[in-house]
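These notes concern the structure reproduced below.
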Number of protein chains: 2
Amino acid sequence: MPLPETEIPGRLQAELMSRGLRMTRQRRTILSVVETAKQHLDASQLLRRARRLDPQIDRVTVYRTLGLLKRHGLIDELDLMHMQGEKHFYERRPQRDHIHMACLRCGKITEFESDLFDRLKGQIQRDCRFHIVVTRLEIGGYCAQCRSTDQAQD
Amino acid sequence: MPLPETEIPGRLQAELMSRGLRMTRQRRTILSVVETAKQHLDASQLLRRARRLDPQIDRVTVYRTLGLLKRHGLIDELDLMHMQGEKHFYERRPQRDHIHMACLRCGKITEFESDLFDRLKGQIQRDCRFHIVVTRLEIGGYCAQCRSTDQAQD
DNA sequence: TCCTTATTGCAACTGACTTTCAAATTATAG
DNA sequence: CTATAATTTGAAAGTCAGTTGCAATAAGGA
């Protein structure tokens with residue numbers, strides 16, 4: 001009879017376990033934060049949320065877990081045009097790549113999928129004989145809302 | 001009768017002067033390094049080269065000049081997939097945007113222009129009503145050469 | 001040339017991330 | 001249910017890239 005689990009194992013956890021990695025209490029906590037995040041979080045935000053679930057977690061463990069997920073291609077690292085310092089943001093790798101648009105005025109991040117983007121990647125793989133592992137398309141500019149409420153923009 | 005100039009004023013210098021910025025010896029030196037660079041240079045490489053022309057230049061001045069050029073849209077800042085730490089690389093803004101491909105094995109950076117990329121940007125401006133100021137498309141993967149000489153790749 | 005303002009250089013600082021290493025924990029073998 | 005071997009963790013110190021404060025200096029117009 002199965003014991004009640006403190007955490008419902010998510011896809012990230014299942015992925016890591018299937019690759020033979022040890023599942024510690026800290027890892028489970030950090031993975032659950034990454035899984036349930038509704039926006040792009042940076043390392044310190046992830047740490048704060050993980051600590052709400054397990055106050056003992058250290059930030060090195062967060063960095064190490066993020067590195068692990070990155071190496072296994074399970075999360076993507078974003079710069080979001082470095083609008084708030086040099087920190088990085090993370091999101092679970094989606095099935096289909098998308099573009100991140102960052103509004104230089106209000107800071108809003110918009111995601112956009114496009115067939116043209118998929119075709120562009122195909123062209124690169126073919127024409128350059130380049131095997132794509134990870135892509136990052138970030139665009140800085142002014143969103144529709146800021147364009148209509150502000151005159152002074154580039 | 002014009003005095004002999006130590007530096008032939010380049011396009012970056014002309015641009016900054018036309019915008020009413022003061023042209024100092026240090027700026028002229030840094031601009032000339034940026035203008036004549038044949039590869040993507042980071043701040044410390046730029047400093048080293050600038051110091052060969054003027055040993056007194058401080059690294060803060062390099063950072064401030066890069067910030068100035070960035071704000072004026074005269075150079076683009078690249079991450080090149082953060083393959084060598086978190087530093088940034090710089091290049092003069094080209095007339096036509098291009099893609100940077102970074103080989104995760106040999107580190108080679110390849111540039112690629114594409115009509116599909118131009119069309120993708122047009123689509124974003126139209127469909128998202130987003131006014132594009134700067135784009136950064138970086139791709140990590142394996143170049144043609146590394147694909148044929150190495151079996152162990154992602 | 002003088003004068004105002006922008007720019008520089010130094011030193012100290014910051015923030016994000018990494019390394020080191022002993023102690024704790026995990027998965028596995030018995 | 002141990003014992004064991006290997007992985008993972010946390011705490012502290014360190015690194016690296018870039019920034020800030022401020023007094024001294026230099027640019028460019030009057």
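Each chain gets a letter, A, B and so on, in the order the sequences are listed, and its residues count up from 1.
Using modelled atom types, one finds no donor on one side chain facing an acceptor on the other under 3.5 Å when comparing A/Arg49 with A/Thr36.
A/Asp76 and A/Arg136 are not joined by a salt bridge, as no carboxylate oxygen comes within less than 4.0 angstrom of a charged side-chain nitrogen. With respect to the salt-bridge test (charged N to carboxylate O, under 4.0 angstrom), the residues A/Asp118 and A/Arg96 qualify.
Applying the ring-ring contact (aromatic ring centres under 6.0 Å, His included) rule to pairs touching residues 39-79 of chain A yields A/His40-A/His100, sequence neighbours excluded.
Partner of A/Glu15 under the side chain to side chain contact (heavy atoms under 4.5 Å, CB included) criterion, chosen from A/Leu31, A/Leu74, A/Leu21, A/Leu69: A/Leu74.
In the 5' to 3' direction, nucleotides of DNA chain C lying under 4.0 Å from heavy atoms of chain B begin and end at C/dT5 to C/dA12.
A/Arg11 and A/Glu35 make their closest contact through N-OE2, 3.1 Å (heavy atoms, listed as atom of the first residue, atom of the second, distance).
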* nucleotides 16-29 of chain D: protein proximity per nucleotide (B base, S sugar-phosphate only, - neither; heavy atom, under 4.0 Å) -> -SBBBB----BBS-
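Counting non-hydrogen atoms of neighbouring residues, nucleotides and ligands closer than 6.0 angstrom, the CZ atom of A/Arg129 reaches no more than 12 such neighbours.
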